[in-house]
> 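Quick one: this structure, given as structure tokens, is what I'll be asking you about.
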2 protein chains.
Amino acid sequence: MGKIKTGKNNSKKDVIARKAAALFIKKGYTSASMRELAEAVGVEAPSLYNHIGSKSEILQTICFKIANEFTSHLDNTENSPVNALAQLETIIRFHIQMMLNNFDEVYVANHEWKHLKEPFLSNFLFQRRGYEKRLVVLLESGIKSDLFKKINPYVAVLTILSALRGLEFWQQHKKNISNQQLEEDMVNHLIKGLIK
Amino acid sequence: MGKIKTGKNNSKKDVIARKAAALFIKKGYTSASMRELAEAVGVEAPSLYNHIGSKSEILQTICFKIANEFTSHLDNTENSPVNALAQLETIIRFHIQMMLNNFDEVYVANHEWKHLKEPFLSNFLFQRRGYEKRLVVLLESGIKSDLFKKINPYVAVLTILSALRGLEFWQQHKKNISNQQLEEDMVNHLIKGLIK
DNA sequence: ACACAAAACTAACGCTTATTAGTTTTTATA
DNA sequence: TATAAAAACTAATAAGCGTTAGTTTTGTGT
């Protein structure tokens with residue numbers, strides 16, 4: 001049938017993962033078949049197994065790649081010398097950038113993690129829960145420093161993360177607004193509602 | 001094997017739909033099998049077909065029941081004599097109430113609509129898009145009346161709807177905060193960031 | 001108690017799934 | 001150009017899927 005076309009910096013496994021992410025968005029992980037994925041890649045289904053271990057492994061790769069990017073960015077931010085407000089703004093902007101620049105994989109990590117197999121499922125949820133908790137700590141510190149209103153920090157984190165996640169809908173609408181403007185408006189909406 | 005237990009005001013079809021919603025949340029629509037659903041209901045799989053037409057029909061029932069509830073509430077709100085800010089607040093509070101009181105069905109409508117069959121899929125998306133547009137009009141009217149900041153109304157609607165959707169995570173966390181407090185904090189966060 | 005309808009059951013169908021085995025073709029190296 | 005490895009292919013497997021057919025049990029009204 002064909003041959004997998006690789007670019008310069010991406011392996012065949014990368015090509016498969018990228019096509020898979022797009023397919024998982026369109027059909028959902030379970031409904032997306034290896035035969036469909038193979039067709040998107042330009043090859044017969046069994047040929048995929050020369051490059052990947054299993055369908056489930058593709059999902060793992062996508063989910064943990066994204067989870068690790070968020071986690072390591074948070075590591076860096078926490079170590080920066082600026083105050084809680086500036087840290088929060090940095091994090092919000094990073095989420096927005098990730099949604100705009102790595103849409104497919106972020107979407108899959110957000111929507112299809114449910115189909116990870118153990119122990120990956122537990123690991124993923126543990127990592128995500130840890131991320132949320134660190135944000136709550138950040139919010140608490142901002143409240144203690146009198147930077148933020150005395151809102152419940154869990155609620156604030158939930159609100160912010162959910163609003164950011166919702167950028168996935170932007171990809172579909174494509175309104176007449178630049179990414180720059182989008183980012184400023186969202187940061188403004190989410191932050192100014194917090195500042196005293 | 002058994003018999004479907006119906007309460008007073010719910011038909012056997014309702015019982016199936018309710019169990020199905022819970023199962024669709026746990027496994028996703030595609031991965032949830034009719035045999036699993038049957039077991040949850042307490043019956044053999046083919047027996048379900050005495051009460052429902054198909055698996056897909058269950059999903060349709062759930063999705064449109066929820067969509068219609070949101071649409072008709074918006075109808076009522078738009079006809080109320082209060083200003084845009086008060087209308088927006090009413091709508092936000094309704095979303096929060098729906099998330100807290102009809103969690104399973106709202107979750108399924110939000111996550112599994114992708115698996116609706118045509119023409120239901122198109123109808124559902126059309127209805128949802130219409131809902132969003134009406135909210136944008138509301139935001140625009142609020143901006144024109146100088147009630148809201150001059151933020152992009154699409155971005156604001158996206159931010160608000162996404163944050164509200166994110167209440168689905170609340171169900172899992174169950175932190176030490178009352179529904180009342182949760183509602184006030186979210187409304188405050190989302191609105192006060194808009195008011196001049 | 002009898003008759004009819006509702007709702008359960010068992011068995012099975014045709015289809016799709018991810019994956020494996022075994023083989024052939026392509027590519028890279030020397 | 002010969003050789004070895006990489007990567008494609010075809011064929012097939014076992015398992016699970018939604019659903020249908022046909023039959024038996026259960027419940028209801030007279």
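Lettering follows sequence order; numbering is per chain, from 1.
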> Measure from NZ on Lys55(B) to P on dT20(D) and round the result to the nearest Å.
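To the nearest whole Å, that distance equals 14 Å.
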> Measuring to OP1 and OP2 of dA7(C), would you say a side-chain N or O of Lys12(B) lies under 4.0 angstrom away?
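It does, given that an N or O in the side chain of Lys12(B) lies less than 4.0 Å from OP1 or OP2 of dA7(C).
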> Quick one: which of dT19(C), dC9(C), dC9(D) gets closest to the side chain of Pro46(B)?
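My answer, after comparing the listed nucleotides, is dC9(C).
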> Specify the separation, in whole Å, of atom CG of Leu37(A) and atom C1' of dA8(D).
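Going from CG in Leu37(A) over to C1' in dA8(D) covers 16 Å.
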> Base of dA8(D), side chain of Asn50(A) - is there a donor-acceptor contact under 3.5 Å?
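Between dA8(D) and Asn50(A), which were checked side chain against base, a qualifying N/O pair under 3.5 Å is present.
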> Using ring centroids (six-membered ring only for Trp), state whether Phe70(A) and Phe94(A) fall under 6.0 Å.
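Yes, close enough.
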> Which whole-number value in Å describes the distance from Glu44(B) CD to dT24(D) P?
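After rounding, the reported distance stands at 17 Å.
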> Considering residues, nucleotides and ligands other than Lys114(A), do more than 12 of their heavy atoms fall under 6.0 Å from its NZ?
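Atom NZ in Lys114(A) is crowded, with more than 12 foreign heavy atoms closer than 6.0 Å.
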> To the nearest Å, give me how far apart CZ (Arg35(B)) and C1' (dT10(C)) are.
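About 12 Å, once rounded to whole Å.
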> Rounded to the nearest Å, what distance is computed from the OH atom of residue Tyr49(A) to the P atom of nucleotide dT10(D)?
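Atom-to-atom, Tyr49(A) to dT10(D), this comes out as 17 Å.
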> Once you round it to whole Å, what is the distance between P of dA8(C) and CD1 of Ile16(B)?
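Spelled out: CD1 on Ile16(B) to P on dA8(C) is 8 Å.
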> Look at Ser47(B) and dC9(C) and indicate whether a side-chain polar atom (N or O) is within less than 4.0 Å of OP1 or OP2.
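Yes, because at least one side-chain N or O of Ser47(B) sits under 4.0 Å from OP1 or OP2 of dC9(C).
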> Glu36(B) pairs by salt bridge (Lys or Arg N to Asp or Glu O under 4.0 Å) with which of Lys27(B), Lys26(B), Lys55(B), Lys19(B)?
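The passing option is Lys27(B).
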> What is the distance, to the nearest angstrom, from the CG atom on Leu48(A) to the C1' atom on dA6(D)?
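To the nearest whole Å, that distance equals 15 Å.
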> Report yes if at least one side-chain N or O of His51(B) is closer than 4.0 Å to OP1 or OP2 of dA8(C); otherwise report no.
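Answer is yes, contact under 4.0 Å.
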> Whole angstrom is fine here: how far is it from CE in Met34(B) over to P in dT10(C)?
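Rounded to the whole Å, the gap is 17 Å.
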> Test side chain to side chain donor-acceptor pair (under 3.5 Å) on Asn68(A) and Gln127(A); report intermediate values, then the result.
CA-CA 9 Å; Asn68(A) 292 337; Gln127(A) 189 166 347; 3.1 Å; yes
